[in-house]
Colleague: 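I have a structure I would like to understand better, so I am pasting it below and will then ask my questions one at a time.
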Amino acid sequence: MTKPKLLLLDGNSLSYRAFFALPLLTNSQGIHTNAAYGFTMMLQNILEEHQPEQILVAWDKGKVTFRHETFKEYKGGRQKTPNELREQFPIIRDILTAHGIAQYELEAYEADDIIGTLANRYNDSHEVIIISGDKDLTQLVTDKTTVFITRKGITDMEKYTPEHVMEKYGITPPQIIDMKGLMGDSSDNIPGVPGVGEKTALKLLKQYETVEGVYEHLDNITAKKLNENLTTYRDQAFMSKQLATIEVNAPIDVPADMMNYAGPDLEKLREQYEMLESKRLLDQLKGDAPSEMQVEISYVTFDREEGIVWPEKASLHIELDGDNYLTDPVLVMTIAMAEKECSEGVYTFDERQIAEYESLKVWLEDETIIKYASDTKAIQSVLHRYGITLRGVQYDLLLASYIADASNAQKEIAQLAEDLALPYEVRRDEDVYGKGAKRQVPEFDVYTYHAATKAKAVWDSVPIVEEQLKESEQYELFHDLELPLASILSEMETEGIAVDETVLQTLGKDLSERLAMLESDIYTLAGETFNINSPKQLGVILFEKIGLTPIKKTKTGYSTAADVLEKLEHEHEIIALILLYRQLGKLNSTYVEGLQKEIHTDGKIHTRFQQALTTTGRLSSINPNLQNIPIRLEEGRKIREAFVPSHEGWKLFAADYSQIELRVLAHISEDEKLIDAFQRGADIHTETAMNVFHVSREEVDSNMRRAAKAVNFGIIYGISDYGLSQNLNISRPEAKKFIDTYLHTFEGVKRYMDKSIEIARKRGYAETLMNRRRYLPDLNSSSFNIRSFAERTAMNTPIQGSAADIIKRAMIDMNARLKEEGLQAKMLLQVHDELIFEAPEEEIAILEKIVPEVMEQTIQLRVPLKVDSASGASWYEV
DNA sequence: CGCTCACTCT
DNA sequence: CATGAGAGTGAGCGT
């Protein structure tokens with residue numbers, strides 16, 4: 001006759017596993033439910049699999065246990081149980097009760113001891129099965145007692161029999177205690193013997209069997225340091241062994257029949273499941289099929305490099321503690337691959353392993369190994385820190401999604417995975433880490449699982465997204481433009497640009513003095529002190545106290561925007577001072593002070609280019625933004641003196657496209673007059689002035705040229721007569737006349753305006769020269785404002801976006817050319833129509849030739865592209 | 001902490 | 001009817 005089965009569960013440990021295996025779910029009352037839900041799922045699996053006659057769940061009781069008498073630091077330094085978990089313990093207990101499952105706890109004992117004692121007591125009469133998340137329990141394994149330890153997630157468990165323990169560690173289950181005695185256990189704060197890890201402990205135990213045996217043969221241990229440590233920490237070793245020993249004779253009063261598994265009370269269970277608001281559990285209760293497939297991702301960690309089988313194709317992800325990949329620390333790297341390469345699907349490597357595993361470096365640097373990732377620029381930059389050059393990248397989820405639809409800008413993998421309907425959840429970073437002040441890194445298993453799901457999602461997305469891009473004829477844009485550009489941008493960001501901090505400090509001193517003087521002058525004129533930087537307070541002073549005419553309102557009060565104040569300049573002398581104060585204040589706070597904060601220890605500023613953000617395909621620059629360094633006004637332009645070459649004898653070199661957007665407009669509109677003007681090499685603003693004002697070249701004065709320039713810009717952006725009138729400070733009919741005359745003269749442009757809107761409405765998107773798309777559903781909006789905005793976008797996006805395409809291609813060509821020519825010159829920055837380099841002085845002459853050549857020849861339009869260049873000792877001079 | 005406003009650039 | 005495309009940062013302020 002077979003013996004009855006007794007199941008012993010470690011309540012605390014399994015609750016922990018459930019809690020950390022699942023995202024932090026809450027029900028509609030705001031009560032956290034993830035641990036309760038996960039525990040329930042575990043329980044169902046366990047009951048299903050083992051069909052026990054008897055079952056008991058043991059709980060820890062009391063912060064202080066009998067072990068603390070031996071060692072008062074036992075379990076010291078442990079993180080407090082999170083409140084989100086603590087509040088779920090009563091729920092879990094109620095669910096167990098509803099299941100008809102016995103529970104037991106005993107003052108000053110841990111769940112381990114209860115389990116150990118009962119296992120010991122019923123070892124002969126029952127088939128004992130222990131389930132926990134704590135490997136310590138494996139010491140209880142016998143021929144008749146089997147221990148299951150959770151591995152990953154909530155269903156995957158490792159079965160420990162005496163054979164398995166021997167196979168895995170080469171020792172018997174009771175020797176697990178001796179192993180702990182020697183190596184200690186950091187999670188329980190058991191010290192062990194310093195310098196002895198798992199390997200040494202196992203070696204010693206295979207030879208001398210027990211801790212006692214080791215010390216009896218201390219003289220035979222020749223390794224000097226090891227012998228020394230064993231001798232010094234003899235007492236600590238024996239104490240550690242004692243601490244690690246599970247009590248198997250605890251004073252436990254559990255009658256055998258109390259543990260009989262009676263089966264659940266369905267009504268009570270339903271109440272509990274309703275509280276959890278789990279449709280899946282409720283459906284199950286009704287006997288229905290589960291409502292949704294849920295897949296757990298599993299992963300493998302390694303404790304040594306030898307024997308790792310490296311896949312031929314894989315996706316990779318690096319999880320960081322923070323959002324700046326140039327500076328923030330690495331948490332873990334995950335690599336997902338085909339199931340035929342590894343049944344678990346995902347490898348994980350911690351920071352040390354990335355730095356040390358030579359085979360990993362070789363694999364990452366092997367161009368023939370195909371890699372997929374999301375935000376490869378970030379990954380390449382991070383790996384660069386470890387001296388690793390990432391090669392073989394063929395896919396980037398972030399970039400691909402952005403190309404497919406620019407409204408996917410900077411989306412997290414979590415969101416992209418959801419959009420692609422992948423059959424498992426990728427959590428949002430905010431849910432894993434919290435945000436703002438509450439942000440904190442969870443435990444290893446949590447972020448590693450999180451990172452594993454990301455790598456898996458990238459892997460699973462490849463066929464779907466690649467197909468999508470090919471379908472929309474954007475694969476080339478993605479694979480041949482954006483992907484190689486990502487790598488170049490990574491190099492530029494990593495290189496950084498050198499900054500002379502003393503220039504900024506001098507400017508700062510000067511600005512502070514001028515600001516102080518302006519401040520007191522403004523207070524004198526206002527007759528009181530107030531915060532000039534507060535638009536609200538300033539509004540009161542200008543429009544109520546002084547009584548100036550409010551021209552424009554914002555939703556919060558009077559507008560004090562510069563264009564408003566400029567119109568009031570003649571009304572009061574305070575206006576000019578305020579405008580200057582705000583300009584200089586901006587220089588000081590954002591540029592002088594802000595930039596100094598961004599200087600790294602290498603004396604350089606390392607901006608990051610956002611490649612998957614703008615709706616038109618332009619890049620943007622953050623931390624800091626180096627695409628808006630002042631130039632228009634002399635005071636601000638001086639900031640550029642701080643940007644210098646990084647080596648003695650080097651210079652900065654800058655090359656910018658002249659009128660690239662108007663040239664693109666000429667190309668796509670096929671306007672004859674515009675094309676002709678560019679082909680003749682004419683000054684386009686003067687040319688426009690001649691046409692709009694009906695005058696000869698000689699008659700165009702600076703005012704006319706300025707107006708024509710504003711019209712040209714307005715045309716690109718889809719300006720209205722009102723807008724132009726505001727801009728040029730002229731009457732609305734005058735502005736209207738300018739625009740009408742312009743469109744009459746450049747009739748191809750007029751045709752383009754109409755056609756671009758029509759085509760975009762028909763297709764649903766506007767498109768650039770290199771097939772970049774911007775979807776414009778608002779073209780059909782019934783709101784005039786929203787529709788008008790979309791119409792201007794339909795006109796502007798092909799212009800701005802094509803210009804962005806062109807300079808991106810030029811960057812790729814330029815990078816290749818620098819390599820070909822074997823130059824030391826480095827590309828450092830891109831500012832929309834401009835590229836900034838640094839180079840040894842002797843290379844400047846070469847750059848003057850090849851940079852304009854490459855930029856001009858990167859694409860053939862109906863008009864020539866023109867590039868101007870300059871070099872100098874600072875950015876100010878170029 | 002998030003929004004608004006102001007300033008900076010192409 | 002409201003009124004020029006695309007961006008980022010910092011100060012003030014209300015919650």
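The sequence lines fix the lettering, A, B, ..., with proteins before strands; numbering per chain opens at 1. Computed from heavy atoms alone, side chains included, the values below leave out hydrogens, waters and symmetry copies.
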Colleague: Looking at A:Thr554, I'd like to know whether one of its side-chain N or O atoms comes within less than 4.0 Å of OP1 or OP2 on B:dC5.
Modeller: yes
Colleague: Below 4.0 angstrom from OP1 or OP2 of C:dT9, is there any side-chain N or O of A:Asn625?
Modeller: no
Colleague: According to a strict under-4.0 Å criterion, is A:Lys597 in side-chain N/O contact with OP1 or OP2 of C:dT9?
Modeller: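 Indeed not, no polar side-chain atom of A:Lys597 lies that close.
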Colleague: Taking 5.5 Å and 30° as the limits, would you call A:Phe784 and the base of C:dC1 a stacked pair?
Modeller: no
Colleague: Looking at the side chain of A:Ala562, which of C:dT3, B:dC7, C:dG14 is the nearest nucleotide?
Modeller: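 The nucleotide sitting nearest to the side chain is B:dC7.
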Colleague: Would you say A:Gln583 places a side-chain N or O within less than 4.0 Å of OP1 or OP2 belonging to B:dA6?
Modeller: no
Colleague: Counting only side-chain N and O atoms of A:Thr556, is one of them less than 4.0 Å from OP1 or OP2 of B:dC5?
Modeller: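 So the side chain of A:Thr556 is within the cut-off, an N or O lying under 4.0 Å from OP1 or OP2 of B:dC5.
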Colleague: Are A:Glu482 and A:Arg772 close enough for a salt bridge, meaning some N to O gap below 4.0 Å?
Modeller: yes
Colleague: Using 0.5 Å steps for rounding, measure from the CG atom of A:Leu595 to the CG atom of A:Leu626.
Modeller: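 With rounding to 0.5 Å, CG (A:Leu595) is 7.0 Å from CG (A:Leu626).
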Colleague: Between B:dT10 and A:Arg632, counting only base atoms on the nucleotide and side-chain atoms on the residue, is there a donor-acceptor pair under 3.5 Å?
Modeller: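 Check fails, no donor-acceptor contact within cut-off.
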Colleague: Go through it in stages, so that I can follow the logic: the residues are A:Lys638 and A:Glu634, the test is salt bridge (Lys or Arg N to Asp or Glu O under 4.0 Å), and I'd like the CA-CA distance, side-chain angles, deciding distance and then a yes or no.
Modeller: CA-CA 6 Å; A:Lys638 287 211 158 57; A:Glu634 178 55 27; 3.0 Å; yes
Colleague: Roughly how many Å apart are C:dC1 and B:dC7, using the P atom of each and rounding to a whole number?
Modeller: 29 Å
Colleague: Given that both distances must come in under 3.5 Å, which nucleotide forms a Watson-Crick or G-U wobble pair with C:dG12?
Modeller: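 Its partner is B:dC3 (Watson-Crick or G-U wobble, both distances under 3.5 Å).
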Colleague: Does A:Ser534 put a side-chain nitrogen or oxygen below 4.0 Å from OP1 or OP2 of B:dT4?
Modeller: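 For A:Ser534, the contact criterion (side-chain N or O under 4.0 Å from OP1 or OP2 of B:dT4) is not met.
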Colleague: In whole Å, I'd like the distance from the CG atom of A:Asn796 to the C1' atom of C:dA5.
Modeller: 4 Å
Colleague: Can you tell me if the side-chain N/O atoms of A:Lys586 get under 4.0 Å from OP1 or OP2 in C:dG10?
Modeller: no
Colleague: Below 4.0 angstrom from OP1 or OP2 of B:dA6, is there any side-chain N or O of A:Thr560?
Modeller: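 For A:Thr560, the contact criterion (side-chain N or O under 4.0 Å from OP1 or OP2 of B:dA6) is met.
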Colleague: Does A:Lys553 qualify as a cation-pi partner of A:Tyr558, given the criterion of NZ or CZ under 6.0 Å from the six-membered ring centre and within 45 degrees of its axis?
Modeller: yes
Colleague: Less than 4.0 angstrom between a side-chain N/O of A:Ser620 and OP1 or OP2 of C:dG8, yes or no?
Modeller: yes
Colleague: Just to confirm, is there a sub-4.0 Å distance from OP1 or OP2 of B:dT10 to any side-chain nitrogen or oxygen of A:Arg618?
Modeller: no
Colleague: Tell me whether the OP1 or OP2 atom of C:dT3 has a side-chain N or O from A:Lys552 closer than 4.0 Å.
Modeller: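 Indeed not, no polar side-chain atom of A:Lys552 lies that close.
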Colleague: Are A:Ser381 and A:Arg608 close enough that a side-chain donor and a side-chain acceptor fall under 3.5 Å?
Modeller: no
